Amino acid sequence: MAQKTLVGASSLFFFLLLADLASCKEILVGGKPSAWKIPSSPSDSLNKWAESLRFHVGDSLVWKYDGEKDSVLQVTKDAYINCNTTNPAANYSNGDTKVKLERSGPFFFISGSKSNCVEGEKLHIVVMSSRGGHTGGFFTGSAPSPAPSPALLGAPAVPPATGSAFSLTCRIGVLGFVGLAIMLL
């Protein structure tokens, strides 16, 4: 009887652990609150930081910055290349910005200050397709996504920054949990 209870408790713990891992991740841009700034060097750019991560549909990017001095603009590829701050797709200036990545494909973000953007305060990421279900690891350290190609952007690459992401992934989905629960029972 004790073994049956232990197996049931272990199964429940494992299921709850996987449920926690399935929650979408919130990724702190640059891996630290002070990352949304002009990079001090090419190796400090946000694109360099983004090269080591995989972004998935459902993830959210989180920026922490002084909203009185800066902002985040979501822009087109052309506006990203040219640091065009007019007519952004979205304008965030509250200092604590969260953008949910609701589709696969490229996303482009620049500083609301044109001069900051020209000096490298910008971010280009590619969100992986959600087709095929689980495409990443259980940890934020899954295989890196490819770096944006300077040839595709038509401009020299801005060096990226180092950093880490926080939180957990949203890769398994409800059906994965249902299947796991059935297998464990």
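The figures that follow rest on heavy atoms only: side chains count, while hydrogens, waters and symmetry mates do not. Just so you know, these numbers come straight off a predicted model, no measurement behind them.
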Is it the case that the side chains of Thr86 and Asn84 hold a donor-acceptor pair, with the cut-off being a distance below 3.5 Å and no angle test?
yes
Should Val99 and Trp63 count as side-chain neighbours, where that means a heavy-atom distance under 4.5 Å?
yes
Any non-hydrogen side-chain atom of Leu61 less than 4.5 Å from a side-chain atom of Ile125?
yes
Heavy-atom neighbours of Lys114 NZ exceed 12 at 6.0 Å
yes
Taking all non-hydrogen atoms of both residues, which atom of Ser111 and which atom of Asp70 are closest, and how far apart?
OG-OD1, 2.7 Å
Between Lys77 and Pro106, is any pair of side-chain heavy atoms under 4.5 Å apart?
no
Contact check, side chains of Ser71 and Asn91, non-hydrogen atoms, under 4.5 Å:
yes
To the nearest 0.5 Å, atom CD1 of Ile110 lies from atom CG of Leu73 at 5.0 Å
Membership question, hydrophobic clusters at under 4.5 Å side-chain separation (ILVMFWY): are Ile81 and Val75 in the same one?
yes
In terms of heavy-atom contacts, Arg103 and Val57 come closest through C-CG2, 3.6 Å
Between Tyr80 and Lys122, is there a cation-pi geometry (under 6.0 Å to ring centre, at most 45° from the normal)?
yes
Locate the shortest heavy-atom distance separating Lys25 from Arg54; write the atom from each residue and the value.
NZ-O, 3.2 Å
Is it the case that the side chains of Ser43 and Ser41 hold a donor-acceptor pair, with the cut-off being a distance below 3.5 Å and no angle test?
yes
Donor-acceptor pair between Ser34 and Tyr65 side chains, under 3.5 angstrom
no
Where the side chain of Asn82 meets the backbone of Asp78, is there a donor-acceptor pair that is under 3.5 Å apart?
yes
Set out, in order, the CA-CA distance, both residues' side-chain angles and the distance that settles side chain to side chain contact (heavy atoms under 4.5 Å, CB included) for Phe108 and Thr76, then state yes or no.
CA-CA 6 Å; Phe108 301 93; Thr76 63; over 6 Å; no
Between Asn47 and His124 (side chain of the first, backbone of the second, donor and acceptor by atom type, cut-off under 3.5 Å), is there such a pair?
yes
Charged N to carboxylate O under 4.0 angstrom, Glu26 versus Lys98?
yes
About how many Å separate CD of Glu119 and OG of Ser40, when rounded to the nearest 0.5 Å?
12.0 Å
Leu28 vs Lys64, side chain to side chain contact (heavy atoms under 4.5 Å, CB included): CA-CA, chis, key distance, verdict:
CA-CA 8 Å; Leu28 181 61; Lys64 304 283 185 180; 3.7 Å; yes
Please report the shortest heavy-atom distance between Gly105 and Phe107, naming the atom on each side.
O-CD1, 3.5 Å
Checking Leu46 against Phe109 for the side chain to side chain contact (heavy atoms under 4.5 Å, CB included) test, could you report, in this order, the C-alpha distance in whole Å, the side-chain angles of both residues, the deciding distance, and whether it holds?
CA-CA 10 Å; Leu46 291 173; Phe109 302 95; over 6 Å; no
Please tell me if the side chains of Ile27 and Leu53 come closer than 4.5 Å, counting only heavy atoms from C-beta onward.
yes
State, to 0.1 Å, how close Leu123 and Val29 come at their nearest heavy-atom pair, and which atoms those are.
CD2-CG1, 4.0 Å
Taking all heavy atoms of His56 and all of Val127, pick out the closest pair and write down the distance.
C-CG1, 3.5 Å
